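Working notes, structure below.
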Amino acid sequence: MKNVDLCLSWYWEYDSDFVRMVESACQSRGISLWQVKPDSLLRTIRAMQTQEIRPSVLFDRANDDLRFDPIRKWAKDNSIYYINPPQVAFKAEQKDQFHATLIANGINVPWTIILPSFLDQQLLDPLDLTPLGTPFVAKPSYAGGGTGVSLNLTTWDQVLQARIEVPDQRYLLQSHVSTGKINGRETWFRIYYCGGKIYPCWWATDTHIAAPVTAYEEARLELEKFREITSVIARLSGLDLFSTEIALTPEGKFVAVDYINDSIDLRAQSKAVDGVPDIVLRYIAFALVELVARQKQLVK
C-alpha cells in the first residue's frame, strides 16, 4: 500500500493555476500529491478499493460533480481527514441559521428578516419592511455564487417574486450595508481563510476586483478587527478553507455581510480580472499544504 499525503480531486479548467501552485508547495514541503480528474477517476477508485493507495487528506474541488461521489464515500468510510467535508460545509452555509450564531457570538450582521421557502409557503402576508430601510437585499439561505440574490429591492411584491428564483430555500431579507472610502477604495473586504491563515483583500462591489490589503495598510488604518471576525467564523463553522465578506461602515463598525463562501472561486487574477490576486492564491496553496503537513505529523 502506498501512503499519499494529499488527494486532490478537480475538473474545472480554471482551477489549473491553483493546482500548479499546490504542486509547487507540495514539492517544497516534501508532501506527496495524488490528483484525481475525470480521466483518472476509475483508476483512483480501483486503487483506493484495493488499498493500492491510502491518502491522509482529501481536498475535493469536484464537490458538485456526482461522478466523484465514490471518492467522497471512500474518504468518509475510511476516516480520512476531509477538508471542508460536505456535512460540515452544508451546515455552515445555512445563512439563516449561521446568522443567529454570529449574533450570539457578538458579530455585527445586517438587519435581517427570514422568510420560509416558496415551496413551503407560496403566499405570504405582507411584513413590515421598515427596519430594513431601502433599498434592501434578498438572498437564499444556501445557494452560492450570487444565485438567487436580488439587489436594490424596495417593495413587498419584489420580495415575493425574488423567492421564486430558488424556490426550495428559505430567504433572507437584509438591510443594505453602507461603506466608507479610504484613499479611494471602498471599505468592503473579501477575506480568505485557510488552515488558520488569514489573507484580507480590498473588494470592489461594482467590479468584483480584489487587491491584497498590505500589512502596512492593515496596521495604519486599524483594520485588524476583520481578522478577529474571520477567526470567529472559522471556529464556529469548522471549515478549513473559505472566504467571507466584511464591510466597514462610515461609523467605523465592522459588519459580516456574506458570512461564508465555501467551494470558493480560485481562479488566478492574472487569467481572470475578478479572480483571486495571484500572490494571495499562492499563499492559500501554501497554507493548504501546511495544513496537510500538520495532519501528516499527527498520524505518525
Side-chain angles (χ1 to χ4, degrees), residues 84 89 92-103 105-112 132 135-153 171-182 185-194 197-214 217-218 221 223-237 239-267 269 272-277 280-281 283-284:
N84 292 8
E93 287 193 307
Q94 297 295 318
K95 296 183 181 72
D96 54 343
Q97 298 174 25
F98 205 68
H99 171 86
T101 302
L102 290 177
I103 293 175
N105 283 269
I107 303 299
N108 295 319
V109 295
W111 187 279
T112 301
L132 296 175
F136 56 87
V137 176
K139 62 177 69 171
S141 62
Y142 179 67
T147 301
V149 176
S150 298
L151 305 174
N152 300 317
L153 302 186
Y171 257 76
L172 284 73
L173 308 182
Q174 292 191 324
S175 59
H176 173 76
V177 177
S178 298
T179 57
K181 283 198 172 183
I182 298 177
R185 291 185 187 271
E186 184 179 6
T187 54
W188 192 294
F189 305 94
R190 172 161 283 187
I191 319 290
Y192 295 92
Y193 176 94
C194 185
K197 303 292 187 179
I198 295 172
Y199 307 108
C201 291
W202 302 92
W203 197 69
T205 57
D206 53 351
T207 63
H208 296 180
I209 295 176
V213 176
T214 67
E217 289 173 328
E218 187 175 336
L221 302 174
L223 300 175
E224 299 90 346
K225 180 69 174 178
F226 52 45
R227 289 186 179 273
E228 176 186 334
I229 295 171
T230 304
S231 295
V232 170
I233 292 174
R235 174 174 57 83
L236 296 174
S237 69
L239 296 176
D240 290 312
L241 173 63
F242 64 89
S243 69
T244 185
E245 292 176 27
I246 299 172
L248 175 59
T249 70
E251 297 76 28
K253 180 185 293 186
F254 286 86
V255 180
V257 182
D258 199 359
Y259 316 138
I260 290 181
N261 294 300
D262 179 29
S263 294
I264 58 178
D265 184 349
L266 293 175
R267 294 173 300 154
Q269 195 174 75
V273 68
D274 57 346
V276 184
V280 173
L281 196 61
Y283 287 150
I284 293 171

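All figures in this text were calculated on a predicted structure; none of them were measured in a lab.
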Kindly compute the distance separating CZ (Phe189) from OG1 (Thr230), expressed to the nearest 0.5 Å. 11.0 Å
Heavy-atom distance under 4.5 Å between the side chains of Thr244 and Ile260, does that happen here? no
Will you find, in the side chains of Glu245 and Trp203, an N or O donor that is under 3.5 Å from an N or O acceptor? no
Mark yes or no for whether Ser175, through its side chain, and Leu132, through its backbone, hold a donor-acceptor pair below 3.5 Å. no
Minimal heavy-atom distance between His99 and Pro110, with the atoms involved, is CE1-O, 3.6 Å
Scanning both residues in full, the closest heavy-atom pair of Leu223 with Val213 reads CD1-CG1, 4.2 Å
For the atom pair CZ (Phe136) and CG (Leu172), what is the distance rounded to the nearest 0.5 Å? 12.5 Å
Specify whether Phe242 and Tyr193 have parallel, tilted or perpendicular ring planes, treating 30° as the upper limit for parallel and 60° as the lower limit for perpendicular. parallel
Answer whether the closest heavy-atom distance between the side chains of Pro212 and Tyr199 falls below 4.5 Å. no
Hey, is the main chain of Thr214 close enough, under 3.5 Å, to the side chain of Glu217 for a donor-acceptor pair? yes
Smallest heavy-atom separation, Gly275 atom then Gln269 atom, equals O-NE2, 3.5 Å
Are the side chains of Val280 and Cys201 in contact, using a 4.5 Å heavy-atom criterion? yes
Keeping to residues at least two apart or across chains, list the salt bridge (Lys or Arg N to Asp or Glu O under 4.0 Å) pairs with something in residues 251-264. none
Can you name the nearest heavy-atom pair linking Thr187 to Gly180, along with the distance? OG1-N, 2.9 Å
Close side-chain approach of Cys194 to Asp240, heavy-atom, < 4.5 Å: no
Begin from the C-alpha positions of Leu173 and Thr112 and carry the test side-chain contact (heavy atoms from CB on, under 4.5 Å) through to its verdict. CA-CA 5 Å; Leu173 308 182; Thr112 301; over 6 Å; no
If you define the side chain from C-beta out and look only at heavy atoms, does anything of Val257 sit under 4.5 Å from Ile246? no
Pair Trp202-Arg185, side-chain contact (heavy atoms from CB on, under 4.5 Å): steps then yes or no: CA-CA 8 Å; Trp202 302 92; Arg185 291 185 187 271; 3.3 Å; yes
If you draw a 6.0 Å radius around OH in Tyr283, do more than 12 non-hydrogen atoms from other residues or ligands fall strictly inside? no
As an exercise, state the distance from CD1 of Ile107 to CD1 of Ile233, rounded to the nearest 0.5 Å. 6.5 Å
Going by heavy atoms in the side chains, are Ile264 and Asn261 under 4.5 Å from each other? yes
Does the side-chain contact (heavy atoms from CB on, under 4.5 Å) test come out yes or no for Tyr192 and Ser243, once each step is laid out? CA-CA 4 Å; Tyr192 295 92; Ser243 69; 3.8 Å; yes
A side-chain contact here means heavy atoms from C-beta on lying under 4.5 Å apart; do Val137 and Ser150 qualify? no
Does the side chain of Phe254 come within less than 4.5 Å of Thr249's, by heavy atoms? no
With sequence neighbours left out, write down each residue that passes side-chain contact (heavy atoms from CB on, under 4.5 Å) with Arg267, or none if nothing qualifies. Trp12, Tyr14, Asp265, Ala272, Asp274
In Å and rounded to the nearest 0.5 Å, what is the OG1 to CG distance from Thr179 to Leu248? 8.5 Å
Is the closest basic N to carboxylate O distance between Glu224 and Arg227 below 4.0 Å? no
For the atom pair OG (Ser141) and NZ (Lys95), what is the distance rounded to the nearest 0.5 Å? 7.0 Å
Please lay out, stage by stage, how Ser231 and Ile198 fare under the test side-chain contact (heavy atoms from CB on, under 4.5 Å). CA-CA 8 Å; Ser231 295; Ile198 295 172; 3.4 Å; yes
